[in-house]
Novice: 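Below is the structure I would like to discuss, written out as structure tokens.
The chains referred to below are lettered A, B, ... by the order of the sequence lines, with proteins before strands, and numbering in each begins at 1.
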Amino acid sequence: MSNERYNARETEPRWQKLWDERGIFATKNDDPRPKYYVLEMFPYPSGRIHMGHVRNYTMGDVVARYKRAMGFNVLHPMGWDAFGMPAENAAIERKVHPKTWTYENIATMKKQLKSMGLSLDWAREIATCDPSYYKHQQRMFLDFLKAGLIERKQSKVNWDPVDQTVLANEQVIDGRGWRSGAEVEQRELTQWFFRISDYAQDLLDSIDTLDRWPDKVRLMQRNWIGRSEGLLVRFMLDPKTTPNSESELEIYTTRPDTLFGAKFMALSPDHPLAAAAAKKNQKLAAFIAECKKHGTAQEIIDKAEKLGFDTGIRAVHPFDPNWTLPVYVANFILMDYGTGAIFGCPAHDQRDLDFVNKYGLGNVPVVCPEGQDPKTFVITDTAYDGDGRMVNSRFLDGMTIADAKDAVAKRLEGETRGNRPVAQRQVNFRLRDWGISRQRYWGCPIPVIHCDDCGVVPVPVKNLPVTLPEDIEFDRPGNPLDRHPTWKNVACPQCGKPARRETDTMDTFVDSSWYFARFTNPWIENAPTERKDVDSWLPVDQYIGGIEHAILHLLYSRFFTRAMNVAGHAGLKEPFAGLFTQGMVVHETYRKTDGTFATPAEVKIDGAGDQRRATLLATGEEVEIGSIEKMSKSKRNTVDPDDIIETYGADTARWFMLSDSPPERDVIWTEERVQGASRFVQRLWRLVGEAHEVAKSAPKERPAEFGAAALKLRKAAHGALARVSGDIEKLHFNVCLAQIREFANAMSDAVETVSAAGQATPDMAWAMREAADILVPLFHPMMPHLAEECWAALGHKTLIAQAPWPQVEGALLVEDTITLPVQINGKKRADVTVPRDAAHADIEAAVLTLDAVKKALEGKAPKKVIVVPQRIVNVVA
RNA sequence: GCGGACGUGGCGGAAUGGUAUACGCAGCAGACUUAAAAUCUGCGGCCCACAAGGCAUGAGGGUUCGAUUCCCUCCGUCCGCACCA
């Protein structure tokens with residue numbers, strides 16, 4: 001067999017078929033072995049898989065196959081995040097029904113995934129657009145509604161007047177809709193919200209328990225939740241200056257210590273007091289209208305100037321009835337954070353300082369940094385937000401910031417006005433409730449009915465699912481559900497009178513917030529989950545996906561699991577015990593003279609290093625080799641997984657994805673390295689063949705003694721085994737692959753030794769058999785097809801996919817004598833070989849006889865000799 | 001602006017307080033071949049003709065017997081958040 005080339009194209013489908021026929025990756029829920037749940041983020045069925053999928057699913061498959069070999073009952077399912085806008089875009093642009101488009105894509109991508117040789121349990125496949133899935137989602141919506149986890153409220157949205165649809169912030173570009181180009185308006189719509197903010201503190205606290213999540217993701221979630229501790233303070237207003245004799249304004253501040261530096265108050269343009277004042281002041285009304293015209297798009301907010309308008313209202317300082325502050329409406333105050341009103345202390349807040357400098361209100365520093373003279377400490381253009389002592393602050397003078405905050409809070413909490421304390425400590429979060437209403441067709445219908453008499457009525461559970469109608473038209477903008485002739489019309493479940501269905505559908509993030517739970521038992525029809533299954537399988541032991549989901553998907557899933565817990569559909573709070581975020585697949589770009597890009601397949605590369613040149617295959621025209629970018633359609637730097645699998649085989653593609661780059665970092669796809677991976681596939685095939693030849697003469701019984709060469713091989717094999725196991729556990733795939741290559745090199749050396757000697761000694765033949773039986777299982781998780789073929793060639797009748805992980809022989813990892821590096825003043829100068837358990841004194845004596853040491857010491861005694869057991873010796877001269 | 005990560009040969013990278021440059025890619029030289037491909041062997045941080053030696057992990061400083069690893073300052077690259085009071 002050793003002189004035949006390994007033919008991946010013939011071999012891979014053969015093993016895939018066999019795995020399939022024998023159903024060896026179908027997982028049973030009642031298997032008594034310990035469980036291991038490995039999950040990769042399921043794909044959106046966009047049409048074809050891309051290299052990012054190949055990388056993601058290869059990593060998951062390595063873990064799944066390894067854990068299976070380690071004796072775990074492994075759950076490794078796959079499904080489709082199948083609702084979403086691209087299906088509707090296809091319907092509009094190509095007149096294909098979203099359902100047809102989606103299911104065709106699923107079929108194509110499933111075939112592609114199968115060609116990768118992934119050890120997936122396809123019997124548990126889920127598509128979120130299937131009524132058998134979203135039925136349960138609707139059921140949970142109703143349960144959550146009953147449990148008070150969902151509410152309906154007004155919210156501002158980006159409205160595209162041409163497409164007649166709501167746009168996400170990222171779909172608004174320079175204030176215009178990304179598709180229509182129409183100027184986006186702010187509209188108030190009544191929408192459904194999941195009350196995720198009720199769980200802000202719990203979601204924050206529990207991050208500490210997620211010790212197998214990347215620190216980066218945990219930090220991003222902490223920042224996103226954005227907890228702050230502050231004080232609500234009720235300022236009195238001069239009723240003579242207010243529109244309707246209002247007497248009070250409540251503000252939120254995290255810096256109550258700076259109250260004596262206050263120079264103004266500011267209201268959000270959406271604040272009720274601003275609205276009231278605008279009714280009596282046309283100029284103010286115009287100012288507010290102008291503020292509201294600006295969208296929520298980030299670019300606009302960034303560039304917008306800080307603008308204010310003096311309402312004429314005057315507020316009274318809480319510590320001085322004779323001290324009044326002007327009340328402005330300002331465009332930078334958000335209505336939905338705190339109370340929508342603030343007091344401004346310009347000396348210690350840059351934004352407030354910019355504001356007073358524009359309107360000439362001045363500033364007073366109240367915190368003086370250590371070592372500064374308060375008399376000369378002035379603020380002009382840069383606010384001071386550091387530590388220091390209170391100054392110019394009456395009873396607070398001399399206190400630290402923390403003490404001053406506490407003193408202000410205590411004093412104002414103690415005062416009451418109208419039976420309520422003047423101030424109250426409050427914790428605020430940046431995290432907002434999760435608006436899930438989408439004015440779209442291709443999503444999960446929200447199961448409620450609007451009745452003129454009964455109001456919002458939930459669809460009775462027995463009437464679920466509320467299915468999407470299939471006879472819809474995309475010939476006009478807007479939501480097809482809204483204008484469907486009959487779907488919307490329904491009798492009120494309570495009073496029986498004609499009523500209307502909710503035509504909004506759910507955000508697709510809802511679909512992906514519980515699919516991992518459904519995978520634990522996707523067959524049960526009368527409930528979203530089977531409690532014994534969901535509780536025994538969850539949490540997911542290893543979740544793998546892109547960093548782009550670090551916040552939204554992962555935070556929503558954490559919330560949703562809590563909600564399922566409350567509603568009785570799951571018994572835990574944290575769905576993902578281990579998380580890994582893999583890097584992207586990137587590729588260099590090729591720019592043609594006309595500025596457009598060429599694909600890697602259209603380009604031929606010549607030369608190396610600085611001499612590398614790229615020319616178009618078709619015309620010979622030179623193209624510029626550009627920067628390395630994320631593979632994308634727009635840069636045309638994509639490589640099609642199908643092409644790679646066709647040319648090199650899935651194992652080569654899988655090996656490449658794990659090589660060289662650490663898995664959390666981006667990997668650069670290059671033709672040279674794919675060939676390198678392919679060469680290694682061939683080399684392993686040859687090596688296993690050669691090893692098999694050598695091993696033919698091996699005795700059945702393990703020899704009592706091993707010669708030096710055989711022992712060296714055995715040590716290499718067991719050393720590699722121990723290290724590879726550890727590296728897979730830590731997901732250090734690139735290091736793991738280097739270990740396998742090193743072991744293969746050691747095996748090649750041994751084969752070389754045998755062929756130089758003419759024949760194998762019995763001990764070497766036995767050791768070679770052992771080495772081959774270790775090598776194949778080691779690379780099986782990465783290259784399963786090649787491993788099956790090698791395993792069969794070695795004469796095994798079992799499948800490697802079902803074989804146990806080899807046992808390490810610990811004694812082989814311990815050396816009798818060890819060679820320690822010898823440093824002189826921290827630089828390596830020599831080696832010394834000593835018995836493993838040699839005493840310090842003996843090692844020291846041995847070291848002092850070395851020529852290099854004698855020379856360095858020039859006859860003098862060393863100042864110190866440091867012996868680190870099993871590691872190193874350092875002589876200080 | 002706030003927060004975080006990273007910086008090692010020509011390139012991807014290894015080593016998380018103990019032999020810096022494992023493993024691979026590219027390169028060079030050689031073997032096999034009529035030739036090529038494939039394969040195999042050898043060489044690859046810099047300075048110095050060699051050796052000895054010295055210098056090298058973005059730059060500078062510190063801690064340590066010993067620092068790529070820990071600490072401080074700076075430079076560069078990337079990422080997240082951002083009128084959040």
Novice: By the 4.0 Å heavy-atom rule, please label Arg218(A) as base, sugar-phosphate, or nothing.
Specialist: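 Arg218(A): no heavy atom of the nucleic acid under 4.0 Å.
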Novice: Under 4.0 Å between any heavy atoms, over every strand shown, what does Asn745(A) touch: base, sugar-phosphate, or nothing? Just pick one.
Specialist: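 Here Asn745(A) touches the backbone only, sparing every base.
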Novice: To the nearest angstrom, how far is Gln675(A) atom CD from A26(B) atom C1'?
Specialist: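 Computing the Gln675(A):CD to A26(B):C1' distance gives 12 Å.
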Novice: Pick base, sugar-phosphate or nothing for Ser659(A), based on heavy-atom distances below 4.0 Å to the nucleic acid.
Specialist: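 Contact class for Ser659(A): none.
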Novice: Do NZ/NE/NH1/NH2 and the carboxylate oxygens of Arg351(A) and Asp354(A) come within less than 4.0 Å?
Specialist: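 Salt bridge flag = no for Asp354(A) with Arg351(A).
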Novice: Could you state the CD-P distance from Glu752(A) to C40(B), rounded to the nearest angstrom?
Specialist: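 Taking atom P of C40(B) as the reference, CD of Glu752(A) is at 10 Å.
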Novice: Find the distance Ile668(A):CD1 to C25(B):C1' and express it as a whole number of Å.
Specialist: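 From Ile668(A) CD1 to C25(B) C1': 11 Å.
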Novice: Of all the heavy-atom pairs spanning Ile333(A) and Gly340(A), show the shortest one and how long it is.
Specialist: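 The answer is CG2-O, 3.4 Å.
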Novice: Rounded to the Å, how far apart are Asp349(A) CG and A85(B) C1'?
Specialist: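 Result: 7 Å.
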Novice: So, does the side chain of Arg432(A) form a donor-acceptor pair with the base of C84(B) at under 3.5 Å?
Specialist: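 Such a pair exists between side chain and base.
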Novice: Indicate, with a heavy-atom threshold strictly under 4.0 Å, whether Gly226(A) touches base, sugar-phosphate, or nothing.
Specialist: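 Result for Gly226(A) = nothing.
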Novice: In terms of side-chain heavy atoms of Trp224(A), which of A15(B), A82(B), C83(B) is nearest?
Specialist: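 The answer is A82(B), which lies nearest to the side chain.
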Novice: Could you point out which residue of Asp433(A), Leu203(A), Ile225(A) forms a side chain to side chain contact (heavy atoms under 4.5 Å, CB included) with Ser197(A)?
Specialist: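 Going through Asp433(A), Leu203(A), Ile225(A) one by one, the side chain to side chain contact (heavy atoms under 4.5 Å, CB included) with Ser197(A) is satisfied by Asp433(A) alone.
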Novice: Return the value, rounded to whole Å, for the distance between atom CD1 of Ile740(A) and atom C1' of C23(B).
Specialist: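 About 11 Å, once rounded to whole Å.
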Novice: Select one nucleotide: of G4(B), C84(B), U39(B), the one nearest the side-chain heavy atoms of Arg430(A).
Specialist: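 Minimum distance to the Arg430(A) side chain belongs to C84(B).
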Novice: Are any of the side-chain heavy atoms of Val367(A) and Tyr384(A) separated by less than 4.5 Å?
Specialist: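 Touching, per the 4.5 Å side-chain cut-off.
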Novice: Let's see if you can work this out: which of C83(B), G18(B), G80(B) has an atom nearest to the side-chain heavy atoms of Met220(A)?
Specialist: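 Looking only at side-chain atoms, Met220(A) lies closest to G80(B).
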Novice: With the 90 degree cut-off around zero defining syn, does G44(B) come out syn or anti?
Specialist: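 G44(B): syn glycosidic orientation.
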Novice: Counting only side-chain nitrogens and oxygens, does Arg5(A) get under 4.0 Å of the OP1 or OP2 atom of U39(B)?
Specialist: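 No, no such contact exists.
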Novice: Verify whether the ring centers belonging to Phe656(A) and Tyr648(A) lie closer than 6.0 Å.
Specialist: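 No, too far apart.
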Novice: Does Asn734(A) reach a base, just sugar-phosphate, or nothing at all? Heavy atoms under 4.0 Å.
Specialist: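 Sugar-phosphate contact only.
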Novice: To the side chain of Glu672(A), which of A22(B), C25(B), U19(B) is closest?
Specialist: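 Nearest nucleotide to the side chain: C25(B).
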Novice: Look at the side chain of Arg673(A) and decide which nucleotide, out of G3(B), C84(B), G24(B), has an atom nearest to it.
Specialist: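 Closest of the options to the side chain of Arg673(A): G24(B).
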Novice: Tell me what Val876(A) touches on the nucleic acid: a base, only sugar-phosphate, or nothing, going by heavy atoms under 4.0 Å.
Specialist: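 Result for Val876(A) = sugar-phosphate.
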Novice: Establish, with yes or no, whether the OP1 or OP2 oxygen of A26(B) is under 4.0 angstrom from a side-chain nitrogen or oxygen of Arg679(A).
Specialist: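 It does, given that an N or O in the side chain of Arg679(A) lies less than 4.0 Å from OP1 or OP2 of A26(B).
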Novice: Once you apply a heavy-atom cut-off of 4.0 Å, does Ile866(A) come out as touching a base, just sugar-phosphate, or nothing?
Specialist: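 Base: the residue Ile866(A), judged by heavy atoms under 4.0 Å, touches a nucleobase.
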Novice: Have a look at G9(B) and give me syn or anti from its glycosidic angle (syn if within 90° of zero).
Specialist: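 Nucleotide G9(B) adopts syn.
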Novice: With C1' as the reference atom in both, quote the distance from C48(B) to G53(B) in angstrom, rounded to an integer.
Specialist: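 The same atom, C1', in both gives a distance of 9 Å.
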Novice: Could you tell me the separation between the CD1 atom of Ile547(A) and the P atom of C78(B), rounded to a whole number of Å?
Specialist: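 After rounding, the gap between these two atoms is 17 Å.
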Novice: Quick check on U19(B): is either OP1 or OP2 less than 4.0 Å from any side-chain nitrogen or oxygen of Arg871(A)?
Specialist: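 Checking Arg871(A) against U19(B): no side-chain N or O falls below 4.0 Å of OP1 or OP2.
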Novice: Contact class for Thr670(A) (heavy atom, under 4.0 Å): base, sugar-phosphate, or nothing?
Specialist: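 No contact at all - Thr670(A) keeps every heavy atom at 4.0 Å or more from the nucleic acid.
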Novice: I want to verify a distance call: between C83(B), G66(B), G12(B), whose nearest atom is closest to the Arg351(A) side chain?
Specialist: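 Nearest listed nucleotide: C83(B).
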Novice: So, does Tyr337(A) get its side chain near the phosphate of A85(B), meaning an N or O under 4.0 Å from OP1 or OP2?
Specialist: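 Yes.
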Novice: Should Asp349(A) and Arg255(A) count as an ion pair when the cut-off is N to O under 4.0 Å?
Specialist: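 No.
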